[in-house]
S.K.: 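Here you go, one structure.
Note that the coordinates shown come from a computational prediction; the quantities given were computed from them, not determined experimentally. Quick note: numbers below take in every heavy atom, side chains included, and nothing from hydrogens, waters or symmetry partners.
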Amino acid sequence: MSVPALTFSPDQAEAWDAISVALRQAGVDMDDDLLQPPQSDASSVLAVVGKAGSGKTMLLAALFHALKEAGVEIVSGDFESRKKRERRTLAILAPTNKAASVLRNRGVPATTIHRILYTPVYDPEYEKVAEWLAGQGERPTIDGLTDVQLDRAWASYQINTSIPAALASAGLRGSDFITGWKRREEPLDIGFVDESSMLDARQFADLQEIFPTLLLFGDPAQLPPVKSKGEEGGGMVFETLPAARTLTLSRIHRQDAGNPILDLAHALADPALGFHDFEQMVADAARRDDRVVMAERVEADLMARSPVLVWRNATRIRLIHAFRAAFGAPVDALLPGEPLICDGIELPLKHRKKRLDLEARGLIKGAQVIYLGPGNRAGFSRLHVIGAEDPQVSAASIVKIEQEGDAEPFIPYAARMGATFLHGAAVTIHKAQGSQWDTVQVFAPDIYVASQMGRVEAGQPLWKRLTYVAITRAERELRWVVRNRLGRPTSELGIDDLRPDSVPLELKAEDEG
């Protein structure tokens with residue numbers, strides 16, 4: 001069986017063969033570029049699991065290119081034609097915008113799970129433009145759109161393959177061409193899910209309803225999803241699959257020429273390794289390689305775009321207040337450039353459509369956001385959603401600055417209802433899963449406390465699982481912070497680094513008037 005023109009390890013080649021067989025049974029032959037209708041409606045789920053650097057993303061990207069070459073249509077979640085035709089489709093998903101953007105930066109057109117569960121409803125006139133851009137119709141003539149604007153949209157789509165980005169490049173706002181969102185009514189075809197260790201049982205069930213053929217990519221060494229109230233289990237969904245449906249990658253690929261961060265991550269598998277021994281390994285790596293730093297303090301400048309990773313909420317809150325004080329933030333307002341984390345949507349059930357509007361634009365629980373300034377109406381904030389394809393939005397917001405102890409959070413901005421946010425200068429390691437940053441600061445005193453407690457999860461000491469997740473969030477540099485200190489910022493907080501990709505969209509969470 002042929003494989004793409006790149007070097008596969010034996011375990012990757014075995015996984016490729018097993019996936020090829022499963023896809024051929026589903027009617028997609030990657031060897032002969034042969035597409036047939038699905039042979040069965042039965043659900044087929046496979047999992048590819050492996051630790052950081054084992055080549056999961058490399059395999060996912062190779063499969064994407066092979067399926068695209070075979071003629072499988074890529075579904076992005078930003079537009080689907082109502083024209084019915086025989087086709088085979090692939091959607092590549094991640095649980096969060098940040099995780100999806102990691103794949104997009106590597107040339108894989110990923111979207112979020114939410115953008116597949118809910119589909120946009122286009123204005124009929126602009127749907128003609130979308131169908132033309134997607135190669136499913138003739139170039140249209142639209143009142144209010146000039147040939148220059150259409151040409152600009154076409155050029156944008158050739159680069160980004162994003163309908164909203166293309167229409168935005170023509171000077172349109174999302175509210176001009178998207179009239180609402182609806183729950184997906186019809187199933188899709190093939191689904192790839194990256195960072196599947198973050199999936200909970202409900203999301204997994206939703207995906208199985210939508211995708212007859214589902215391929216999960218996940219890291220068994222990460223932390224399992226946090227259990228919801230009343231929920232049983234809490235493990236990773238791929239752990240429920242039969243052994244024959246799980247393909248394991250073990251060889252290290254990513255920057256395998258002596259990557260010190262990966263070396264440290266895999267050293268944690270040694271059952272005899274204690275916390276102090278590990279910290280000595282970090283110090284030794286720092287002396288040999290500048291990609292690892294034994295830091296005497298947290299750097300406030302980095303916290304603006306790359307949160308400090310902690311275990312305890314009390315540590316998180318203290319660091320957030322220290323960050324705000326270091327930048328001179330007033331107690332009753334936010335400064336442009338302050339990082340936020342979306343904590344969900346506070347809307348009654350009767351406002352379901354408005355909830356979809358907010359979530360579809362990336363304001364889902366756990367989304368990382370940068371505050372740009374107040375909106376045009378009371379309670380609204382202008383925001384930049386990190387990792388979103390159309391990141392600039394204006395939304396009704398409830399921003400909470402948490403206090404230490406049992407004190408109620410301070411709320412500098414609040415609409416009556418809308419998207420809720422916590423401060424994001426520091427986040428828990430659980431919430432950091434699925435994200436990556438160029439430089440990551442890990443607050444080691446918290447890890448030490450976890451090691452002293454002696455807790456075990458899935459047969460592994462908790463401190464090791466926390467450490468593994470935290471240090472593998474670093475793409476280039478790991479800063480292991482050993483003291484409870486904060487370095488003063490070297491420049492003012494700002495937003496100059498956030499280039500607006502489109503006109504901000506106003507997302508209403510309450511009726512006007």
S.K.: Any Lys/Arg nitrogen of R139 or D151 sitting under 4.0 Å from an Asp/Glu carboxylate oxygen of the other?
M.R.: yes
S.K.: Would the W463 and W311 ring centres measure less than 6.0 Å apart?
M.R.: no
S.K.: Could you tell me whether D438 and R305 have a side-chain N and a carboxylate O separated by less than 4.0 Å?
M.R.: no
S.K.: For the CG atom of L199 and the CG atom of L207, what is their distance to the nearest 0.5 Å?
M.R.: 6.0 Å
S.K.: Just to verify, which of I116, L90, L93 counts as forming a side chain to side chain contact (heavy atoms under 4.5 Å, CB included) with V75?
M.R.: I116
S.K.: Is it true that K464 and D270 have a side-chain N and a carboxylate O under 4.0 angstrom from each other?
M.R.: no
S.K.: Could you give all pairs that pass the side-chain hydrogen bond (donor to acceptor under 3.5 Å, both in side chains) test and reach residues 238-249, with sequence neighbours left out?
M.R.: S44-R245
S.K.: Do any N or O atoms from the side chain of S306 and from the backbone of L302 form a donor-acceptor pair under 3.5 angstrom?
M.R.: no
S.K.: Charged N to carboxylate O under 4.0 angstrom, R24 versus D31?
M.R.: yes
S.K.: Could you tell me whether D200 and R202 make a salt bridge, using a distance below 4.0 angstrom between a side-chain N and a carboxylate O?
M.R.: no
S.K.: Under the side chain to side chain donor-acceptor pair (under 3.5 Å) rule, what do D11 and S250 come out as? Steps first, then yes or no, please.
M.R.: CA-CA 7 Å; D11 52 7; S250 56; 3.3 Å; yes
S.K.: Does T420 reach the main-chain N or O of G344 with its side chain, forming a donor-acceptor pair under 3.5 Å?
M.R.: yes
